[in-house]
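As the structure is a prediction and not an experimental result, all values here were calculated from the model.
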Amino acid sequence: MTDVAARAEAGFRQAYAAPPAGRWAAPGRVNLIGEHTDYNDGFVLPFALPLRTVVAAAPRPTEDWTVWSELTGETVDFDADEVAAPGRVTGWAAYVAGVVWALREAGHPVPGARLAVASDVPLGAGLSSSAALEAAVLTALVDLGGLDLPATLQPRLAQRAENHYVGAPTGIMDQSAAIRCRAGHALFLDCRTEQVDHVPFDLDHDGLAILVIDSRAPHRHADGEYASRRATCEKAAHLLGVPALRDVPADALDDALARLPDDETRRRTRHVVTENQRVRDSVALLRAGEIRRIGPLLTASHASMRDDFAITVAEVDTAVDTALAAGALGARMTGGGFGGCVLALVEADRADAVGVAVAAAYAARGYATPTRFTALPAAGATRLA
């Protein structure tokens, strides 16, 4: 954190020849369990990573914004007229402009500002780098402007920026995790009501760790696969006469599947209904202090994503299978699929051995060398001292 915050401040001073008024940070996230349940009004269980995006910022008296990016070295300027028209600001800066747009659309007097962005959240790995950027910018602008916007309302606004300004059809989970997570806890989120519960997830106490493995298979939704699955889920809910698949009880699943017309729709539905139940079961175990016992649920989640939802690729399947063979208590892909990261619940003293085993399996298959780190649940968006 200290390093990325220092880089953001140094970038601000370099870009604007002045010190920032402050620094604001928001985390990437991994989803412990609950994949493709969010847009089905279901349940998810993410936690925030110690990897952060930091925004150094200062207000300016005019209604215009300038943002510098460490990643690209670019400085992008936009004014109120450009912000008002989605599509005028493009590329990475659209996420920043989208936050300004969403705040203004909601009636908030957004201060003009100069911003500098630095990040340790990997891009394209399914760790929600976009939500981390949105949340850090949002937290900075709310603070700089003294805006009356409680944290409970901020995720929906950040999601609106991504959906309607950037044009990415994400659910509410990523922004909720980036803004509302607490250190040492997982965030049990009801995606319909947006009610959250902070569930204790003290890995250190139990001698455990979450090993996050970047499969190095590009994480991509652009090929329409995400939209296709969402449409299938919506069709299934309509056929079953329910508002969303969240409303199909697990004990009525067999009856529901029998009413659906084709195997693909049945398999997509089965994943969502059983995944929601796995989230609930995981929360019950964590509340009981039985962290190790969630391992089989993680593994079952992966099998469901692989076999019923068909969103895994060879690299992530290899990482999961190898981690389990090397002693992981459970492992699954995390994120929207077709690449991205795998998480494995491991004994803390076995994390390196599991990581080495996965790297060896990748080398044997000619895959790109995976990267890895261990993660403990961190805090959501905040102003730094």
Side-chain angles (χ1 to χ4, degrees), residues 29-37 44-47 49 122 124-127 203 206-221 223 225-226 229 264 267-268 270-272 274-275 277-279 281-282 285 290-375:
R29 65 95 188 98
V30 291
N31 190 23
L32 185 63
I33 196 166
E35 227 62 76
H36 288 266
T37 51
V44 293
L45 193 63
F47 66 90
L49 293 170
L127 301 179
L203 293 159
D206 281 29
L208 297 171
I210 291 290
L211 177 67
V212 181
I213 302 164
D214 184 347
S215 72
R216 303 292 300 280
H219 179 79
R220 53 194 177 270
H221 295 154
D223 57 3
E225 295 289 351
Y226 181 102
R229 279 154 183 76
E264 180 178 282
R267 287 188 290 114
R268 304 294 187 257
R270 182 166 55 220
H271 167 74
V272 173
T274 59
E275 186 79 344
Q277 188 60 49
R278 284 186 287 270
V279 175
D281 292 345
S282 296
L285 289 170
E290 299 281 357
I291 297 179
R292 282 177 173 81
R293 290 180 59 197
I294 72 171
L297 294 170
L298 303 181
T299 304
S301 171
H302 184 80
S304 182
M305 289 187 287
R306 182 191 64 215
D307 300 335
D308 280 344
F309 224 65
I311 54 174
T312 71
V313 295
E315 292 94 331
V316 298
D317 290 337
T318 295
V320 167
D321 293 344
T322 306
L324 293 170
L329 303 174
R332 66 184 290 273
M333 185 187 69
T334 184
F338 309 103
C341 286
V342 163
L343 63 81
L345 178 66
V346 297
E347 304 290 348
D349 60 5
R350 290 285 301 163
D352 283 345
V354 172
V356 167
V358 172
Y362 268 47
R365 290 164 175 77
Y367 299 154
T369 303
T371 58
R372 65 183 189 269
F373 61 91
T374 55

Provide the closest heavy-atom pair for [X] versus [Y] in the form atom of the first, atom of the second, distance.
X	Y	value
P370	V358	CG-CG1, 4.3 Å
T37	V272	CG2-O, 4.0 Å
V44	G34	CG1-O, 3.3 Å
A361	T318	CB-CG2, 4.0 Å
S304	T274	OG-OG1, 3.9 Å
H302	A331	CB-O, 3.8 Å

Legend entry - side chain to side chain contact (heavy atoms under 4.5 Å, CB included) evaluation trace for I311 with M333: CA-CA 9 Å; I311 54 174; M333 185 187 69; 3.7 Å; yes

Under 3.5 Å donor-acceptor, [X] side chain and [Y] backbone:
X	Y	answer
T334	C341	no
R216	E315	no
S301	L297	no
R229	A310	yes
R332	M305	no

Inset, instruction - Would you sort out whether I210 and L345 count as a side chain to side chain contact (heavy atoms under 4.5 Å, CB included), showing the intermediate values? - result: CA-CA 5 Å; I210 291 290; L345 178 66; 4.0 Å; yes

Legend entry - I294 vs I33 side-chain heavy atoms within contact, under 4.5 Å: no

Legend entry - Heavy-atom check, side chain of R268 versus side chain of D308, under 4.5 Å: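 Not in contact.
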
Legend entry - side chain to side chain contact (heavy atoms under 4.5 Å, CB included) evaluation trace for D307 with H271: CA-CA 9 Å; D307 300 335; H271 167 74; over 6 Å; no

Inset, instruction - Can you establish whether the number of heavy atoms outside R293 located under 6.0 Å from its atom CZ is more than 12? - result: no

Inset, instruction - Look at the rings of F309 and H36 and say which category their plane angle falls in: under 30° parallel, 30 to 60° tilted, over 60° perpendicular. - result: tilted

Inset, instruction - Could you go through the side chain to side chain contact (heavy atoms under 4.5 Å, CB included) check for T369 and Y362 one step at a time? - result: CA-CA 7 Å; T369 303; Y362 268 47; over 6 Å; no

